[in-house]
Amino acid sequence: MFAKLKERAEKFLNEKNFVTDILGKIEEKTGIKKRYLAAGTVSVTGLYLIFGYGASLLCNLIGFLYPAYFSIKAIESENKDDDTKWLTYWVVYGVFSVGEFFSDIFLYWCPFYYVCKCLFLLWCMAPVGWNGSQVLYKRVVRPFFLKHEAAVDSVVNDLSGKAMTAAESVTREVLQTLAKNKTLLPSEAAAKGLPSTSADLNVD
């Protein structure tokens with residue numbers, strides 16, 4: 001198991017991507033090999049996630065900033081393959097966030113919770129073919145969606161129709177209330193031949 005992970009890590013460090021480019025530049029300036037830089041960065045980040053203040057914020061930033069940056073680049077590029085890649089990530093990220101909302105109360109006290117969460121998010125965004133978002137989408141999210149797609153579409157259409165009906169009903173009631181409670185200005189009252197408030201006071 002450890003040998004397989006080490007092999008994958010070495011393969012990742014030898015690939016051409018955003019992370020390895022940064023590590024390569026640091027290696028050129030410092031003379032420290034990329035594998036040691038990566039190991040040191042992972043170790044420091046892991047220790048901070050266990051003992052540091054604001055581990056939740058750091059973990060969420062790691063899971064959001066990098067994907068958000070490359071999602072914007074994907075939108076602005078003409079290639080649509082990267083659009084699909086990052087859409088897949090955000091779908092998995094959304095499903096994970098919903099699940100975390102219900103399980104966080106039981107897991108937040110665990111000292112390794114944010115380390116595991118961070119590793120999971122890094123796996124999901126890793127610039128490799130076996131990253132977590134692709135694996136989870138193809139094996140979990142997509143089969144579940146295709147199985148229940150008709151039922152979900154029916155519920156969504158039903159809710160959309162009810163929301164539209166409710167909005168129209170509220171709008172109609174508001175307009176009717178405004179029409180009933182409309183007050184006439186003095187100029188409008190004079191134009192209609194109705195006594196104004198000042199004329200009523202003079203008569204009294």
Side-chain angles (χ1 to χ4, degrees), residues 54-109 113-114 116-118 120-127 131-201:
S56 176
L57 176 61
L58 176 61
C59 188
N60 289 330
L61 288 176
I62 291 173
F64 177 79
L65 290 180
Y66 177 86
Y69 172 73
F70 279 94
S71 295
I72 295 173
K73 289 181 68 70
I75 293 172
E76 297 299 326
S77 69
E78 296 181 358
N79 183 15
K80 297 303 177 186
D81 292 337
D82 50 1
D83 293 16
T84 303
K85 170 186 173 182
W86 290 112
L87 277 173
T88 303
Y89 171 82
W90 290 116
V91 168
V92 173
Y93 182 86
V95 172
F96 171 76
S97 298
V98 172
E100 185 187 31
F101 176 80
F102 295 101
S103 62
D104 186 62
I105 190 172
F106 303 105
L107 298 175
Y108 79 96
W109 53 267
Y113 172 63
Y114 291 112
C116 295
K117 177 182 175 180
C118 188
F120 172 77
L121 293 176
L122 288 173
W123 175 50
C124 286
M125 71 177 77
N131 71 30
S133 58
Q134 297 292 331
V135 172
L136 292 174
Y137 180 79
K138 291 177 181 178
R139 295 186 180 182
V140 180
V141 178
R142 187 172 184 271
F144 180 84
F145 173 77
L146 293 178
K147 182 178 180 180
H148 302 281
E149 182 178 6
V152 173
D153 286 343
S154 176
V155 172
V156 170
N157 292 332
D158 185 50
L159 291 176
S160 299
K162 290 181 178 179
M164 185 65 69
T165 302
E168 291 177 352
S169 176
V170 171
T171 303
R172 190 180 303 110
E173 290 181 3
V174 170
L175 292 176
Q176 290 176 351
T177 302
L178 291 175
K180 290 179 180 178
N181 297 333
K182 181 179 179 182
T183 56
L184 296 176
L185 296 175
S187 57
E188 293 176 331
K192 294 177 179 291
L194 297 176
S196 63
T197 305
S198 58
D200 293 339
L201 291 174

Hey, does the side chain of T177 reach the backbone of E173 with a donor-acceptor pair shorter than 3.5 angstrom?
yes
Residue pairs fulfilling salt bridge (Lys or Arg N to Asp or Glu O under 4.0 Å) with at least one residue in residues 154-171, sequence neighbours excluded:
D158-K162
To the nearest 0.5 angstrom, please state how far the [atom1] atom of [X] sits from the [atom2] atom of [Y].
X: Y113; Y: E100; atom1: OH; atom2: CD; value: 3.5 Å
X: C59; Y: F120; atom1: SG; atom2: CZ; value: 10.5 Å
X: M125; Y: F70; atom1: CE; atom2: CZ; value: 11.0 Å
X: L121; Y: F96; atom1: CG; atom2: CZ; value: 5.5 Å
X: F64; Y: S71; atom1: CZ; atom2: OG; value: 8.5 Å
X: Y114; Y: L57; atom1: OH; atom2: CG; value: 10.5 Å

Can you give me the closest heavy-atom contact between [X] and [Y], atom names plus distance?
X: C118; Y: I62; value: SG-CD1, 3.5 Å
X: P143; Y: V140; value: CD-O, 3.5 Å
X: N131; Y: W123; value: CB-O, 3.1 Å
X: G63; Y: Y89; value: O-OH, 2.5 Å

Sort and list the pairs that fulfil ring pair (Phe, Tyr, Trp, His ring centres under 6.0 Å) and have at least one residue in residues 145-180, not counting sequence neighbours.
F144-H148
For a 4.5 angstrom cut-off between non-hydrogen side-chain atoms, does P67 reach Y93?
no
For T88, the side-chain contact (heavy atoms from CB on, under 4.5 Å) test, sequence neighbours excluded, returns T84, S133, Q134, Y137
